[in-house]
Amino acid sequence: MSEHLPVIVVLAPLFGAVIVGFFGSRDRRLCFPIALTALALSFICSIGVVHHVATVGAWDYFVGGWESPHGVGIQLRADGVNSLLLLAIAVVALLALVYSIRQDGEKDAEKSPFFYVLFLLLCVGLFGITITGDAFNVYVLIEITALTSYGLVAMGSSRRSRVAAFQYLVIGTVGASFYLIGVGYLYLAVGSLNMADIRAILAANPEIANSRIVGTALVFILLGVWTKMSLFPLHGWLPNAYSYCPSGSANLMAPLVTKVSVYVMIRILFSVFGLGVITENPGWSELVVLIAVGSIVAGSVMALTQREIKKMLCCLIVAEVGYMVGGTWLGDAGRWGLTGSMYHILADAMMTSCLFLAAGVFAKQFGATRLEHLSGLFRRSPWVAGAFTLGGLAMIGVPPMCGFFSKFYLIRGAIESGHWLYIVALLGSSLVNAILFFRIFEIAYFGEVPESSEPFEPSEGEGATPRRYAVWRTAPLLIAAALTLLLGIFNRPVIDLIRGTVVENTGIVSMEE
Amino acid sequence: MENSIHSYLPLWACLSSLAAVPLILLFRRETFLREAVTILAGIAKLSFVLAMLPIILQGNMIELTLFGDGSDGLVPIVFRVDGLGMVFALVASILWIPTSIYSIGYMRGLKEHSQTRFYVFFAVSLFATLGVAFAGNLLTLYVFYEILSLSTWPLVTHHQDAEARRGGRSYLVHLLGTSIAFVIPAMIYVWVKSGTLDFGGQAILADTDLSYVQGLALLLAFAFGFSKGALMPLHSWLPSAMVAPTPVSALLHAVAVVKVGVFCIIRTVLNIFGMDLLGGLGIDLVLCWIAAITLVTASLIALTQDNLKRMLAFSTIGQLSYIILGIALLTEHAALGSILHIAMHAFGKITLFFCAGAIFVATGKKQISELNGLGRRMPITFAAFAIGAASVTGLPPMGGFLSKLYLVWGAAEAHQIALLCAFLISAVLNGAYFFPVVYRAFFLPEPEMDAIHADGSCCVSGWREAPLLCVLPLAFTAIGSILLFFFPSTFYDLASIVLHGGVANP
Amino acid sequence: MILPLDIILLIFLVIAAVLALKLRDLLSATMVFSIYGFLICLIWAEMGAVDVAFTEATVGAGISGALMIATIFKTARKSSD
Amino acid sequence: MMEWMKTTIVPHFNFWIYVVIMMLGLWAAIGKNNLIKKLIGLSIFQTAILLLYVSMGVKEGASIPIVDETMGEAAVDFMAQGGGGAGATAFPINPDLFANPLPHVLMLTAIVVGVATLGVALALCQVIFRDFGTLEEPEILNQIKTIQDDV
Amino acid sequence: MQKLFATIAVIITGAILLNAVEDFPRFGDPHSPPNSGVSGGSVSSSVHYLQNTYLDTRVPNVVTAVLADYRGYDTLFETAVILTAGIAVFAILRVVRREDEEESAGSEEKACSGEFSTSDSDGEGRHRVVVGTTCRVVVPLAQLFGFYIIAHGHPSPGGGFQGGVVLGTSFILIALAAGLGSALGRLREDMYLRLACLGVFIYAGIGLLSLFFRRNFLDYGALSGLLQTGGEEMARSHGIFGVELGVAMTVTTVMFALFANLSTRGELKGGL
């Protein structure tokens with residue numbers, strides 16, 4: 001079966017979801033093991049994919065065996081970037097799953113099977129988006145991701161979660177439809193949907209590549225994915241949506257959904273339109289970098305004003321998205337910006353997952369949803385506090401955390417292409433993060449332990465849970481923190497793989513003159 | 001030039017203290033084992049460093065590259081032990097042992113809380129310090145620099161009261177803020193400019209076409225970015241960090257942290273710009289004057305201080321500028337002097353801090369004005385204090401004399417009479433703020449002691465020294481700073497290796 | 001494909017769309033929306049997209065209308081705009 | 001004017017209409033206050049995209065994309081005789097006689113996705129109505145402001 | 001304010017789109033890029049479909065073949081989207097009442113149910129005769145027609161989706177005429193949720209079978225040995241049919257589930 005790994009990665013959670021839906025409602029204790037098995041399977045497969053890509057090279061898989069003529073069937077493609085992203089998705093999803101183990105007696109327990117079904121289908125969407133090589137297929141999978149996200153957000157027990165979900169639905173559908181319009185224009189111009197095929201056609205006939213239709217296609221595809229990734233000024237929906245949904249699903253969505261959209265942007269840019277669009281229209285890429293800077297600034301400022309942990313983290317996501325979009329559009333000769341943002345996709349997935357898991361643990365174990373609830377955390381549970389600290393340091397970008405190295409390459413790209421404003425924004429937001437997180441560290445480190453070691457009044461939606469589930473929540477957090485550190489220390493193999501792909505896809509000679 | 005040897009010794013030297021961390025956590029209940037582990041780790045670290053010493057003295061380099069070689073344009077993590085790194089590593093690892101002994105005495109004497117955390121982060125910061133010393137390229141240097149800033153934060157804020165909070169906050173704002181805001185862009189700019197960050201061989205920027213403005217901007221970015229060097233106006237974290245327990249102030253804020261700052265600045269001058277480029281651009285004088293102003297101002301402020309530790313802090317700021325000024329003079333002897341001064345000042349200043357701590361442990365006094373006549377009750381402590389003060393001031397027969405001699409000589413060599421005067425003035429000022437303390441301690445009568453004298457009881461009964469574990473280390477370091485005057489050869493050789501190997505030509 | 005029919009249907013389509021968005025009574029708006037679905041189904045058929053027309057007839061003019069009406073019955077019928 | 005209509009509008013009439021409907025739908029989806037109205041707008045918006053795609057696949061004088069058995073068998077025999085391979089002139093199936101099937105396929109998917117989204121959205125509407133007693137966005141937002149502290 | 005913003009955004013969008021419409025190929029041009037491809041890429045997929053579908057799959061209806069075979073991967077996820085919708089609506093809306101909450105909930109329902117709400121009990125009116133009789137005639141026809149559409153998707157328009165929707169509509173008709181209770185009696189809740197999952201499972205399972213014949217996913221040609229069909233073409237044809245069955249199953253159940261939940265605000269009692 002080893003030659004089918006790319007598709008099994010996607011199928012495992014799909015089958016898992018179906019089986020859970022079939023048996024789960026009869027016996028709820030089956031749900032968690034099935035889901036765990038499914039995700040573990042796709043985790044193993046994604047390791048296999050990464051290994052194959054690292055040793056052999058890019059891997060094409062033609063669904064239905066429609067390999068020739070090219071572009072008739074649907075093609076899956078795994079290369080240096082998305083194989084790593086597959087792995088990251090699998091890891092984050094596993095951690096979130098283990099965290100979100102539900103027990104009977106919890107309220108709306110009869111819905112828990114369907115929570116798992118939606119969870120797994122969301123993973124299907126993410127995996128599928130990441131590995132597909134077909135422009136329209138991306139749309140279908142985006143819709144799966146979106147629908148499941150609406151469901152998961154609306155499962156939050158706060159009244160506001162429903163409104164957030166509805167706004168998310170409207171915005172998300174508009175975004176996906178914009179993407180669909182873009183693909184339509186592209187299809188109208190070149191008559192193909194296969195990414196590689198489109199690339200070849202655009203490369204072969206420049207008059208098409210420079211036509212207004214293709215330009216409009218690019219604009220709308222970008223608008224679509226920017227809406228999905230909540231880039232400023234389209235970021236309004238994200239903080240509500242992610243901070244009111246149950247933390248079990250926030251741990252999955254917040255780290256991954258935006259990152260995958262960023263990945264889609266990068267994929268569309270360098271394997272459909274080609275990075276030429278960045279370097280050949282400096283005016284436009286200048287504008288995009290400005291938007292990214294705006295996103296960074298807006299995210300940081302919003303985060304400064306928040307007193308709720310989850311909200312603050314959500315605002316930081318907006319800023320991080322700004323990093324990646326800006327880095328992609330720097331258009332420096334050495335492709336350092338692109339490398340940086342690709343690495344940052346992974347790094348940010350890991351550290352956001354770590355931070356959100358930590359926020360979830362705060363809420364569940366200590367009923368702490370606001371900064372001031374965290375006082376004395378270091379003494380109450382040093383491990384949780386330590387893990388959160390690691391995540392925060394990574395967010396600030398302190399070596400040897402992964403956050404530092406992505407900034408290292410992003411700034412290199414920015415200096416080479418002379419985007420000083422971007423550098424200022426990047427460093428500024430790093431300083432803002434430092435302020436934010438050290439504010440929390442101070443509260444957690446100096447603050448008095450509240451005399452009642454019992455959890456606070458459990459906030460809406462985050463019912464305090466029996467102690468025996470504490471380990472299920474804490475273990476993923478610790479693993480995520482450790483991964484955040486390891487990804488930073490051992491960044492070299494990752495960077496090498498990414499650079500290999502970048503160099504091969506964009507044809508720059510590797511490095512310094 | 002030197003042939004470089006591949007060896008894992010530097011890595012072990014760094015990790016030996018990090019490896020102590022889990023053990024310390026393991027033995028957090030049994031205090032004795034915990035402290036034994038700390039000391040053993042110190043000994044191990046020192047032995048690793050000493051094992052490397054002969055190799056370096058033969059004019060070799062030890063290199064260790066992790067995560068790929070620099071061939072593909074990415075920056076690997078490189079450890080490289082050269083003379084300069086060796087000087088610093090030697091000082092830090094020698095002084096760690098007495099400091100840990102001292103801190104045992106101090107912490108026990110004051111029954112401090114959460115000592116385990118203290119020892120853990122102490123070990124981590126030593127790990128980072130040696131990492132900086134052995135860093136083979138700018139990235140590695142920066143990584144360890146940041147680890148040091150973070151791992152010392154819990155030590156600075158050890159007391160966890162409002163004052164500690166304030167101190168810790170300004171500590172972080174200064175160190176983290178400047179390094180993120182200045183060093184990162186400067187470092188990456190250097191990388192873009194020259195395509196490498198490696199310290200080996202000739203200076204990184206030696207053959208790049210920097211304009212005067214670019215060069216100046218970079219130099220300032222580094223000089224202020226490594227704000228552990230406490231150049232004015234970014235010095236204020238150092239006095240406020242004095243809220244830390246004295247062993248912390250002693251090792252970190254007299255030796256490790258601040259010396260890391262000046263060490264990085266020396267690296268900047270020698271290995272990033274290179275003396276020739278700096279001289280060619282003529283931006284060295286800017287650095288000189290900043291250092292000179294800091295030098296005099298800090299000494300003047302120190303005169304006005306009454307809190308002993310604050311006074312020491314300001315004198316530290318002054319002495320650091322000696323080192324920076326010395327290297328910025330770009331003459332061989334000045335550079336030699338400043339490298340020597342790293343060692344000499346370390347020994348002298350750590351003695352002074354030990355004494356301050358010992359006084360506090362024994363009598364609970366922090367103000368200079370309260371010290372009248374204490375010398376008769378704590379003769380060893382104050383003798384050591386006198387020695388340390390003399391060494392820092394630069395009187396023979398203390399080590400400090402040699403380094404300051406070279407510095408002055410270098411200043412004369414460079415025909416910078418004004419800077420020469422700055423040296424001399426501040427030397428006078430050093431004396432002016434140190435010796436009143438000694439005078440008070442030994443010659444002024446102690447108010448409530450008169451009664452005891454009246455009934456003629458021997459003042460031996462008045463002997464109230466600090467605990468033995470506090471006194472031994474300070475005696476050791478005091479003697480050390482005397483010995484350094486008579487046997488400076490090791491440091492001298494290392495320094496000359498730096499200058500004749502590291503720099504293009506003497 | 002018959003161009004005149006095409007044009008006429010499309011014009012009706014626009015009218016239906018405007019009407020569906022203008023009506024303040026949600027029930028009638030939904031009705032008009034179903035009509036809209038039926039019109040567009042005719043357009044598909046006229047363009048030769050029979051399968052799409054079929055689906056649109058069942059989904060657009062059928063199910064979506066039913067679902068919307070169900071919701072309107074369970075919520076409010078009047079709309080402020 | 002008429003000339004301009006002939007040259008510009010008529011050849012692209014479907015596309016002009018698609019843009020108009022798209023604008024209508026989008027405007028409603030963003031600008032309307034009533035949630036149901038938003039959804040109607042959203043659906044219209046999506047059908048506009050269907051119109052774009054299907055209009056691409058139209059060919060003058062082409063019939064529906066169903067190859068009847070006889071022609072298909074002819075093609076099979078043609079291939080059996082190893083004649084020329086696909087695309088040769090003698091090949092019995094002339095693609096210009098059939099509408100382009102690919103957009104139809106894509107739009108089937110899009111329609112289904114649309115109805116799925118609609119269903120979920122309507123469910124959300126009912127829950128919101130259950131919680132807030134209204135479907136007017138401004139009122140809902142006002143109510144939310146008042147419960148600022150229940151996270 | 002919001003309206004103004006909306007208007008501006010919409011006008012900008014429309015302007016961009018119209019601007020590009022200028023250089024669109026002429027409407028109905030048989031040689032436009034989508035219809036006949038562009039040089040530089042591989043063969044135009046649409047031309048290839050039209051010419052080779054019958055050769056490859058023996059299915060006259062090109063759309064069905066492309067939908068379920070060439071681009072079957074899309075359709076698999078499209079079915080998954082429907083399943084998702086069903087599950088999501090359940091997760092959002094379904095309220096499973098415990099006894100203690102009964103009466104309070106009842107009152108609350110009376111409070112805020114719209115003006116049209118008529119529940120099962122008072123449904124036993126004269127209008128029920130007409131509607132009931134009509135249904136008794138129409139429903140079987142509708143279901144028969146649904147199955148016909150599913151089965152006849154190969155040579156004529158139709159297939160899993162259309163047939164599924166029609167079948168689902170027939171159940172909705174029952175719910176409207178005889179009350180949701182009787183409809184649920186024919187298609188219980190746990191049953192239809194299971195069937196929805198089963199449909200996707202059938203689809204993906206058929207695709208997965210080909211993996212065991214060392215062929216790629218969804219390559220129905222691999223099933224020729226299994227189905228004893230001479231040649232892969234008929235195997236593909238059968239594979240497509242099986243897949244359509246799975247799709248129909250999911251669509252039917254989910255459509256009914258949507259209506260059932262929406263028409264009772266997730267309580268599956270009473271109904272419109």
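Chain letters run A, B, ... following the sequence lines, proteins first, then strands; residues in each count from 1. Since the structure is predicted, the reported quantities are computational estimates derived from the model, not experimental observations.
- The greatest number of non-hydrogen atom pairs below 4.5 Å with chain E, out of A/P69, A/A196, A/S211, is found for A/P69.
- Considering only heavy atoms from C-beta on, A/Y150 stays 4.5 Å or farther from E/I92 through its side chain.
- In this structure, E/N216 contributes its side chain and A/F62 its backbone to a donor-acceptor pair below 3.5 Å.
- Here the straight-line distance linking atom CG of E/N52 with atom CH2 of A/W66 works out to 8.5 Å at 0.5 Å rounding.
- For A/V7, the part sitting under 4.5 Å from any heavy atom of chain E is the side chain, from C-beta outward, and nothing else.
- More than 12 heavy atoms of other residues, nucleotides or ligands sit less than 6.0 Å from atom CH2 of A/W59.
- For E/T13, the parts sitting under 4.5 Å from any heavy atom of chain A are the backbone and the side chain alike.
- Only the side chain of A/L121 comes within less than 4.5 Å of a heavy atom in chain E; its backbone stays farther off.
- Within 6.0 Å of the CD atom in A/E67, the count of heavy atoms belonging to other residues, nucleotides or ligands does not exceed 12.
- Proximity to chain E is absent for every atom of A/L202, based on heavy atoms less than 4.5 angstrom apart.
- Ranking A/T216, A/V219, A/I74 against chain E, the residue ahead of the rest is A/I74, based on heavy-atom pairs under 4.5 Å.
- Nearest heavy-atom pair across E/P34 and A/L188 is CD-O, 3.4 Å.
- Across all non-hydrogen atoms, the minimal contact from A/G71 to E/S45 is O-CB, 4.0 Å.
- Side chain of E/R194 to main chain of A/F22: a donor-acceptor pair is present (N/O by atom type, distance under 3.5 Å, no hydrogens or angles).
- Few gaps surround CZ on E/F213; more than 12 heavy atoms of other groups in view lie less than 6.0 Å from it.
- Minimum interatomic distance between E/C197 and A/V18 (heavy atoms only, all atoms of both residues): O-CG1, 3.0 Å.
- Between chain E and the residues A/L193, A/I198, A/D134, the most heavy-atom pairs under 4.5 angstrom are made by A/D134.
- With a threshold of 4.5 angstrom between heavy atoms, A/V10 approaches chain E through side-chain atoms but not through N, CA, C or O.
- Annotation: maximal heavy-atom pairing with chain E below 4.5 Å, among A/G151, A/G65, A/G73, occurs at A/G65.
- In this structure, the portion of A/L76 lying under 4.5 Å from any heavy atom of chain E is its side chain and not its backbone.
- Contacts between E/D23 and chain A at a heavy-atom distance below 4.5 Å involve backbone atoms as well as side-chain atoms.
- Side-chain contact check for A/I181 versus E/L17: some heavy-atom pair is nearer than 4.5 Å.
- The line from CD1 of E/I16 to CZ of A/R212 is 12.5 Å long, rounded to the nearest 0.5 Å.
- Proximity to chain A is absent for every atom of E/N35, based on heavy atoms less than 4.5 angstrom apart.
- Comparing A/N205, A/L147, A/V117, A/V124 by heavy-atom pairs within less than 4.5 Å of chain E, the highest count is held by A/N205.
- By the 30° and 60° cut-offs, the orientation of the rings of E/F201 relative to A/F15 is perpendicular.
- Residue E/S32 does not touch chain A at all, counting heavy-atom pairs closer than 4.5 Å.
- When all heavy atoms are compared, the tightest approach of E/V38 to A/V190 is CG2-O, 3.3 Å.
- Shortest non-hydrogen contact noted between E/R215 and A/H4 is O-CE1, 3.1 Å.
- Using modelled atom types, no side-chain atom of A/Y185 and backbone atom of E/V21 make a donor-acceptor pair closer than 3.5 Å.
- Annotation: the span from E/E78 atom CD to A/N137 atom CG amounts to 11.0 Å, rounded to 0.5 Å.
- Rounded to the nearest 0.5 Å, atoms CG (A/L120) and CD1 (E/I87) are 11.0 Å apart.
- Of residues 66-76 of chain E, those residues with a non-hydrogen atom less than 4.5 Å from any non-hydrogen atom of chain A are, in numerical order, E/D69, E/Y70, E/R71, E/Y73, E/D74, E/L76.
- What you find for E/D219 and A/G64 is that their closest heavy atoms are CG-O, 3.6 Å.
- Interface summary for chain A: among E/Y220, E/Y49, E/F24, the most heavy-atom pairs under 4.5 angstrom belong to E/F24.
- Not a single ring-ring contact (aromatic ring centres under 6.0 Å, His included) links A/F166 to another residue, sequence neighbours left out.
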